[in-house]
Amino acid sequence: MIYCSRCLLPETCETLTFDAQGVCSVCRQVERKQEAIDWSERGQRLDRIIEEYRGKHDYDCLVPFSGGKDSTFTLWYLVKIKKLKPLVVRFDHGFLRPTVQDNSLRTFRTLGVDVIHFTPNWQVVRKLMFESLRRRGDFCWHCHTGIFSYPMWVALRHDVPLILWGEPSAEYASFYSYDEEEEVDERRFNLIVNLGINAEDMLGMLDDSISGYPVTARDLKPYTYPPAAELRAKGVKSVPLGSFIPWDVKRQVEVIKRELDWRGDEVEGVPPEYDYEKIECFMQGVRDYLKYLKRGFGRTAHVCSIDIRNRRLDRATGADLVAKYDGVRPAALDLFLEFLGLDEERFMQLVEPHVVAPHAMPSCEDCNRRRPNRTVWDFEQWPRIAGDPVKDKAASGAQRKAGNE
Ligand SMILES: [Zn+2]
């Protein structure tokens, strides 16, 4: 595998390209962010956008909020620095961890904001997880789509046309560069978010009933993007804050820890010094492990690469951390398998078609050799409510075929 000569990302990383010096496109984007972008001009652009909307509706803006470091910083910045009155919208994917819940409540109370929570049907979520794992080797379709589409519906219903998100995608991938004005719109939704499956397609793929009633388009509406004409008619503007201020995760985490008493947490597969990274979701360890199986790198390569780009870590130290933490089989995998009614061998079979060459997937046996010596502190509190077995149509099809032969 070819690795970036500066950071720790390999060629299997989505959208990554390398220049003649062997430096990856994300490293180059971040270099531009640090050296070539006129951030004071960007800041003025943000102010012009804000003033266009301030005071004209019940809320000045809408802030989609997970409770992680980026959305918490965004909310703090807009309320405290820009003096805006936001409507906070929280799409609860069902896997939020206790520390994040406590952090969020403290943040809402300290800042004084109105909040709308939405939790989609758990049984529908289970089916969506299985189907997107099978189709794309990524079980998070329900979360990716819901987080980006549901707040847009709320923006329409509550007539709050300015939506402000957190980090720009140019910080982590090369779908957009820092030179483009990234709109968090339907184009981006189809490009980055929905894995090339829209809700209509998904409906056709799902098995047909949950708890005895048929799944229909209504059940998947939270995962659809609102019609472009309606968004245009309302004058909706939806942009990431990180296009207008230079995004610096480490510095921003210091701010929210100091100002909001935001607390970090341990995350499976992540070194303890990165206690601020992806602390929201019970299934994060499984998600990162899945990435390792498919692409040969995990969360530690990602966080160390960010520090290397910011000259806070040398490459050799980062490489040691990656060797120690990436690819360790998370304890949460047992929970995940139980939750979807899969055994580990079937799980590996489902992942296999999605492996990105030249990476080769390790065997189930190899993976099981590397397990953590303890679980994270809240492991026993994680939800274990399953339900009807998810119909593994692919497996029964394969068995039928094998039986015929
Ligand atoms: Zn790089």
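Indexing begins at 1, ligand by ligand and atom by atom, following the structure's order. We count residues from 1, following the sequence as given. Only heavy atoms go into these numbers, but all of them, side chains included; no hydrogens, no water, no symmetry mates.
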Checklist line | Plane angle bin for W122 and F95 - parallel if under 30°, tilted between 30 and 60°, otherwise perpendicular | finding: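 Rings of F95 and W122: tilted, 30 to 60°.
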Note to self: Below 2.8 Å, which protein N, O or S atoms neighbour the Zn ion (ligand 1), ignoring water?
What the structure shows: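 Near the Zn ion (ligand 1), below 2.8 Å, one finds C4 SG, C7 SG, C24 SG, C27 SG.
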Checklist line | Exam field: side chain R315 to backbone C7, donor-acceptor pair closer than 3.5 Å | finding: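 Between the backbone of C7 and the side chain of R315 there is a qualifying donor-acceptor contact (under 3.5 Å).
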Note to self: Closer than 3.5 angstrom, by distance alone: can the side chain of T72 be matched with the main-chain N or O of K69 as a donor-acceptor pair?
What the structure shows: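 Flag not set: sc T72 to bb K69 has no pair under 3.5 Å.
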Notebook entry, point to check: Between L290 and F139, is any pair of side-chain heavy atoms under 4.5 Å apart?
Noted result: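 Answer yes - side chains close enough.
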Margin query: Using a strict threshold of under 4.0 Å (side-chain N to carboxylate O), is an ion pair present between E181 and K237?
Written below: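 Looking at K237 and E181, the cut-off is met.
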Notebook entry, point to check: Does R299 come within less than 4.0 Å of D326, counting only side-chain N to carboxylate O?
Noted result: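 Salt bridge: no.
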